[in-house]
**Q** 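Okay, handing you the structure first.
We use all heavy atoms of the structure for the numbers below, so side chains are in, but hydrogens, waters and symmetry mates are not. FYI, the numbering just counts along the sequence from 1. Predicted, not measured: the structure shown is a model, and the values here were computed from it.
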Amino acid sequence: MLRSLVGSEMCIRDRDQYYLKHPELRLEKETKKQKKVVPLFNKVVRVEGYPDQYFYVLTYLPDLQWCHCVPLQGRGVFDESKGEYAGCKRWVLMPEGEGNELDTSA
């Protein structure tokens, strides 16, 4: 048993050295970098196909890459007391029943 363990460790070490010499032969799965997962729950997002509209994410399932979103509507602007945001549009949730909720992939 101990001998086979040492043998498999040597095989892994030899494989790693081989891939260092020949990186073009490395499997695609091994060379892909992991994408950084961005938690979308409780965030404001834009959705492809709706260029002039923002959505608030109510439900986000990271394992399925799925979101349930509610549209936002512009209501007024920030006044001068808000500093750098003065004059920018204020966004609020659209009243229930007025806007179409959206289920989409993340």
Side-chain angles (χ1 to χ4, degrees):
M1 181 76 171
L2 183 60
R3 180 172 259 170
S4 66
L5 252 176
V6 171
S8 66
E9 287 175 5
M10 288 175 57
C11 180
I12 291 170
R13 186 188 68 220
D14 293 342
R15 183 193 67 197
D16 290 341
Q17 289 175 357
Y18 179 78
Y19 283 144
L20 286 174
K21 292 177 185 174
H22 305 283
E24 69 279 0
L25 299 176
R26 188 175 286 274
L27 293 175
E28 185 178 323
K29 180 174 76 173
E30 293 176 359
T31 58
K32 282 187 179 177
K33 291 185 178 181
Q34 293 290 332
K35 290 173 92 176
K36 185 177 179 183
V37 177
V38 178
L40 293 175
F41 179 70
N42 202 18
K43 302 278 187 202
V44 175
V45 297
R46 281 191 136 151
V47 177
E48 289 179 8
Y50 299 89
D52 300 330
Q53 196 168 10
Y54 290 101
F55 290 87
Y56 178 77
V57 178
L58 287 176
T59 307
Y60 172 60
L61 302 174
D63 55 336
L64 299 176
Q65 291 290 303
W66 178 85
C67 293
H68 179 76
C69 305
V70 177
L72 298 173
Q73 65 181 7
R75 187 178 295 164
V77 294
F78 286 107
D79 58 3
E80 299 300 322
S81 66
K82 297 299 180 187
E84 65 183 83
Y85 298 108
C88 293
K89 191 183 275 192
R90 295 179 75 152
W91 293 92
V92 296
L93 284 175
M94 198 168 282
E96 193 171 350
E98 278 189 30
N100 294 333
E101 295 180 1
L102 182 66
D103 293 325
T104 184
S105 61

**Q** Looking at Tyr60 and Cys67, what are the two nearest heavy atoms and their distance?
**A**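 Smallest interatomic distance, heavy atoms only, reads CD1-SG, 3.5 Å.
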
**Q** Could I get the full list of ring pair (Phe, Tyr, Trp, His ring centres under 6.0 Å) partners for Tyr54, not counting sequence neighbours?
**A**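 With sequence neighbours excluded, Tyr54 shows a ring pair (Phe, Tyr, Trp, His ring centres under 6.0 Å) to Trp91, given in chain and number order.
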
**Q** For Glu101, enumerate each residue passing the side-chain hydrogen bond (donor to acceptor under 3.5 Å, both in side chains) test, keeping only those at least two apart in sequence or located in another chain.
**A**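 If we apply the side-chain hydrogen bond (donor to acceptor under 3.5 Å, both in side chains) test to Glu101, skipping adjacent residues, the hits are His68.
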
**Q** With side chain to side chain contact (heavy atoms under 4.5 Å, CB included) as the criterion, how do Gln73 and Val92 come out once you've worked through the C-alpha distance, each side chain's angles and the decisive distance to 0.1 Å?
**A** CA-CA 6 Å; Gln73 65 181 7; Val92 296; 3.9 Å; yes

**Q** Quick one: CH2 on Trp66 to OG1 on Thr59, what's the gap to the nearest 0.5 Å?
**A**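 With rounding to 0.5 Å, CH2 (Trp66) is 5.5 Å from OG1 (Thr59).
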
**Q** Who passes side-chain hydrogen bond (donor to acceptor under 3.5 Å, both in side chains) against Ser81, sequence neighbours left out?
**A**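 By the side-chain hydrogen bond (donor to acceptor under 3.5 Å, both in side chains) rule, Ser81 matches Asp79.
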
**Q** Whether the side chain of Arg46 engages the backbone of Pro51 through a donor-acceptor N/O pair (distance < 3.5 Å, no angle test) should be reported.
**A**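 Judged by distance alone, yes, a pair lies under 3.5 Å.
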
**Q** Please identify each residue that fulfils side-chain hydrogen bond (donor to acceptor under 3.5 Å, both in side chains) with Asn100, with sequence neighbours left out.
**A**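 So Asn100 forms no side-chain hydrogen bond (donor to acceptor under 3.5 Å, both in side chains) with any residue.
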
**Q** For Gly99 versus Pro71, what's the shortest heavy-atom pair and its separation?
**A**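 Scanning both residues, the minimum pair turns out to be CA-CG, 4.1 Å.
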
**Q** Can you name the ring pair (Phe, Tyr, Trp, His ring centres under 6.0 Å) partners of Tyr50, sequence neighbours left out?
**A**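 For Tyr50, the residues satisfying ring pair (Phe, Tyr, Trp, His ring centres under 6.0 Å) (neighbours in sequence not counted) are Phe55.
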
**Q** Can you list the residues that meet the side-chain hydrogen bond (donor to acceptor under 3.5 Å, both in side chains) rule with Asp63, with sequence neighbours excluded?
**A**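 Scan of Asp63 (side-chain hydrogen bond (donor to acceptor under 3.5 Å, both in side chains), adjacent residues dropped) gives none.
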
**Q** If every non-hydrogen atom of Leu40 is compared with every non-hydrogen atom of Val57, which pair is closest and at what distance?
**A**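 Taking every non-hydrogen atom into account, O-CB, 3.3 Å.
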
**Q** Starting at CD of Glu84, measure out to CZ of Phe78 and round the result to the nearest 0.5 Å.
**A**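 Here the interatomic distance stands at 11.0 Å.
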
**Q** Shared ILVMFWY cluster between Leu61 and Phe41, side chains joined below 4.5 angstrom?
**A**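 The answer is no; the residues belong to distinct hydrophobic clusters.
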
**Q** Tell me whether Tyr56 is reachable from Val45 by hopping between hydrophobic residues (I, L, V, M, F, W, Y) whose side-chain heavy atoms are closer than 4.5 Å.
**A**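 No; tracing contacts between hydrophobic side chains, which count when under 4.5 Å, never links both residues.
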
